[in-house]
Participant: 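Here's a structure for you.
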Amino acid sequence: MKRFLLVLSIVLLIVSRSTAESVTVLYDETAMGASPLSSDNLLPTDLGVLTMGRNRVTGVISRAFITRDVDVFQFEVPTGFVFDGVFVIDYRYTSPPMPNEANAFLGINNEDTFPYDVEGLDINNNFDFDQNLFLGGSLFGISDVPTNNILQRIGNVTGRMFTAPLPADTYTVYIQQTGPENRYTLDFAVSAVPEPAHVSLAAIAMVGIAAYRRRRRKKLIAL
């Protein structure tokens with residue numbers, strides 16, 4: 001029986017390692033010599049293809065209502081992978097924000113552009129605003145630090161709505177400031193689509209453990 005449990009432990013370890021997350025710095029706007037991320041919703045900065053694990057982006061957005069109060073970038077989730085997380089690692093202001101200005105808006109679209117700019121997202125003045133033109137969006141801020149995964153919230157607030165994880169595709173991220181100058185760090189998480197062999201091994205292992213526990217309970221009851 002001890003050998004059986006050892007084999008099950010090894011199987012589960014192999015499966016867990018196959019889904020382990022690593023962190024890749026995809027873009028750091030604060031690094032020396034780094035170019036600013038695009039502020040044009042129709043010409044996002046292309047960050048290339050995401051890799052398995054967490055892909056980290058750090059950006060700086062100027063205070064609201066002036067030039068460069070928006071960051072727009074795009075990336076590709078390759079075939080065989082799913083987009084399953086947006087983790088807020090850091091979020092800070094250079095000066096204290098007003099209570100109603102302590103967040104930024106993050107929108108996601110599954111195309112290589114975002115349909116709205118700052119004026120277009122002003123739903124109080126844009127009477128033609130159509131949330132069905134983009135995939136999803138939500139506010140995020142200090143309360144989401146250090147590791148809140150906000151992807152599902154982005155899919156539940158506005159846009160066409162979605163349920164995470166998202167499939168392989170090209171995605172554009174649009175971030176718009178509502179208050180003072182801000183620095184943020186986000187991890188975009190990508191996982192491999194589980195291979196049938198791994199799923200089968202995990203299922204067999206879990207069934208085996210459950211059967212072992214049932215037999216042990218019966219023996220204890222018999223005693």
Side-chain angles (χ1 to χ4, degrees), residues 26-27 29 34-48 50 55 57-77 83 85-88 91-95 97-144 148-188:
L26 192 64
Y27 200 87
E29 196 176 11
S35 300
L37 290 164
S38 174
S39 58
D40 188 338
N41 62 299
L42 299 180
L43 291 172
T45 300
D46 187 355
L47 301 186
L50 300 192
N55 299 262
V57 175
T58 297
V60 177
I61 311 179
S62 301
R63 65 181 175 86
F65 307 117
I66 67 170
T67 303
R68 302 213 57 77
D69 63 343
V70 171
D71 278 352
V72 193
F73 51 89
Q74 69 177 45
F75 50 74
E76 178 187 346
V77 176
F83 176 19
V86 178
F87 293 87
V88 184
Y91 191 96
R92 66 183 72 179
Y93 289 98
T94 55
S95 60
M98 297 293 288
N100 63 336
E101 297 178 344
N103 298 281
F105 172 78
L106 190 155
I108 293 179
N109 197 29
N110 56 337
E111 296 182 15
D112 57 4
T113 62
F114 194 77
Y116 290 112
D117 57 12
V118 174
E119 293 182 359
L121 279 175
D122 184 357
I123 60 176
N124 295 316
N125 296 309
N126 180 8
F127 301 107
D128 293 323
F129 176 78
D130 183 359
Q131 68 177 16
N132 290 314
L133 294 181
F134 59 97
L135 193 57
S138 173
L139 294 177
F140 75 104
I142 295 173
S143 62
D144 293 309
N148 266 11
N149 184 354
I150 62 171
L151 183 60
Q152 193 56 61
R153 190 170 79 213
I154 293 169
N156 290 336
V157 176
T158 188
R160 294 190 299 276
M161 310 287 190
F162 61 84
T163 300
L166 291 168
D169 206 339
T170 295
Y171 294 95
T172 294
V173 177
Y174 174 99
I175 303 175
Q176 179 178 320
Q177 187 54 269
T178 65
E181 180 178 308
N182 165 253
R183 170 177 171 167
Y184 64 87
T185 298
L186 302 172
D187 280 358
F188 297 89

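Because the structure is a prediction, the values reported are computed rather than measured.
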Participant: Output the distance between atom CG (L47) and atom CD (Q74), rounded to the nearest 0.5 Å.
Facilitator: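 Reported value, rounded in 0.5 Å steps: 8.0 Å.
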Participant: Give the C-alpha distance, both sets of side-chain angles, the deciding distance and a yes or no for side-chain contact (heavy atoms from CB on, under 4.5 Å) between V88 and L186.
Facilitator: CA-CA 5 Å; V88 184; L186 302 172; 4.0 Å; yes
Participant: Kindly compute the distance separating OH (Y174) from OG (S39), expressed to the nearest 0.5 Å.
Facilitator: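 Going from OH on Y174 over to OG on S39, the span is 9.5 Å.
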Participant: Checking side chain to side chain contact (heavy atoms under 4.5 Å, CB included) between I61 and each of D71, T178, V70, which is the one that passes?
Facilitator: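 The passing option is D71.
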Participant: For the residue pair F83 and F75, does the interplanar ring angle fall in the parallel (under 30°), tilted (30 to 60°) or perpendicular (over 60°) class?
Facilitator: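 Correct class here is perpendicular.
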Participant: Got a sec, which residues hit salt bridge (Lys or Arg N to Asp or Glu O under 4.0 Å) with D187, two or more places apart in sequence or on another chain?
Facilitator: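 Only R54, R56 meet the salt bridge (Lys or Arg N to Asp or Glu O under 4.0 Å) criterion with D187.
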Participant: Just to verify, what does F134 make a ring-ring contact (aromatic ring centres under 6.0 Å, His included) with, not counting sequence neighbours?
Facilitator: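 Once residues adjacent in sequence are excluded, the partners of F134 under the ring-ring contact (aromatic ring centres under 6.0 Å, His included) criterion are F114.
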Participant: Do you know which two heavy atoms are closest between E29 and L37, and how far apart they sit?
Facilitator: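 For E29 and L37, the tightest heavy-atom pair comes out as OE2-N, 3.0 Å.
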Participant: Check side-chain hydrogen bond (donor to acceptor under 3.5 Å, both in side chains) between N124 and all other residues, then give those that pass, not counting sequence neighbours.
Facilitator: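 So N124 forms no side-chain hydrogen bond (donor to acceptor under 3.5 Å, both in side chains) with any residue.
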Participant: To the nearest 0.5 Å, what is the distance between CG (L50) and CG (N55)?
Facilitator: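 If we round to the nearest 0.5 Å, L50:CG and N55:CG are 4.0 Å apart.
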Participant: Just to verify, which of I154, L135, V77 counts as forming a side chain to side chain contact (heavy atoms under 4.5 Å, CB included) with L166?
Facilitator: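 Looking at I154, L135, V77, the match for L166 under the side chain to side chain contact (heavy atoms under 4.5 Å, CB included) is L135.
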Participant: The criterion is salt bridge (Lys or Arg N to Asp or Glu O under 4.0 Å); which residues satisfy it with R92, sequence neighbours excluded?
Facilitator: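 Counting only residues at least two positions away or on another chain, R92 forms a salt bridge (Lys or Arg N to Asp or Glu O under 4.0 Å) with D90.
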Participant: Under the rule for side-chain hydrogen bond (donor to acceptor under 3.5 Å, both in side chains), what residues qualify as partners of Y171, not counting sequence neighbours?
Facilitator: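 Here no residue qualifies.
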Participant: Quick check: closest heavy atoms across Q177 and N182, and the distance to 0.1 Å?
Facilitator: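 Result for this residue pair: NE2-CB, 2.6 Å.
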Participant: Tell me the closest heavy-atom pair linking Q152 and T163, and the distance in Å.
Facilitator: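 Looking at all heavy atoms of both residues, the shortest contact is NE2-CA, 3.6 Å.
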Participant: Using the salt bridge (Lys or Arg N to Asp or Glu O under 4.0 Å) rule, collect all pairs that involve residues 113-128, keeping only residues at least two apart or in two chains.
Facilitator: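 Found none.
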Participant: Mind checking whether F129 and Y116 have ring centres under 6.0 Å apart?
Facilitator: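 Judged by ring-centre distance (under 6.0 Å), F129 and Y116 do meet the cut-off.
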Participant: Name all pairs fulfilling the salt bridge (Lys or Arg N to Asp or Glu O under 4.0 Å) condition that reach into residues 162-181, sequence neighbours left out, sorted by first residue then second.
Facilitator: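 Those involving residues 162-181 do not exist here.
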Participant: List in chain and number order the residues that pass ring-ring contact (aromatic ring centres under 6.0 Å, His included) with Y91, two or more places apart in sequence or in another chain; answer none if no residue qualifies.
Facilitator: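 Result, ring-ring contact (aromatic ring centres under 6.0 Å, His included) vs Y91: Y93, F140.
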Participant: What pairs meet the side-chain hydrogen bond (donor to acceptor under 3.5 Å, both in side chains) rule with one or both residues in residues 102-115, with sequence neighbours excluded?
Facilitator: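 Every pair satisfying side-chain hydrogen bond (donor to acceptor under 3.5 Å, both in side chains) with a residue in residues 102-115: N110-R160.
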Participant: Could you name each residue pair satisfying side-chain hydrogen bond (donor to acceptor under 3.5 Å, both in side chains) that touches residues 129-140, not counting sequence neighbours?
Facilitator: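 The answer is D130-N132, Q131-T158, S138-R153.
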Participant: With sequence neighbours left out, what residues match N149 under side-chain contact (heavy atoms from CB on, under 4.5 Å)?
Facilitator: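 Scan of N149 (side-chain contact (heavy atoms from CB on, under 4.5 Å), adjacent residues dropped) gives F87, L151.
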Participant: Take F188 and L26 through the test side-chain contact (heavy atoms from CB on, under 4.5 Å) and record every step on the way to the result.
Facilitator: CA-CA 9 Å; F188 297 89; L26 192 64; 5.6 Å; no
Participant: Let's go through V72 and D40 carefully: what are the C-alpha distance in whole Å and the side-chain angles of both, what is the deciding distance for side-chain contact (heavy atoms from CB on, under 4.5 Å) to 0.1 Å, and is it a yes or a no?
Facilitator: CA-CA 7 Å; V72 193; D40 188 338; over 6 Å; no
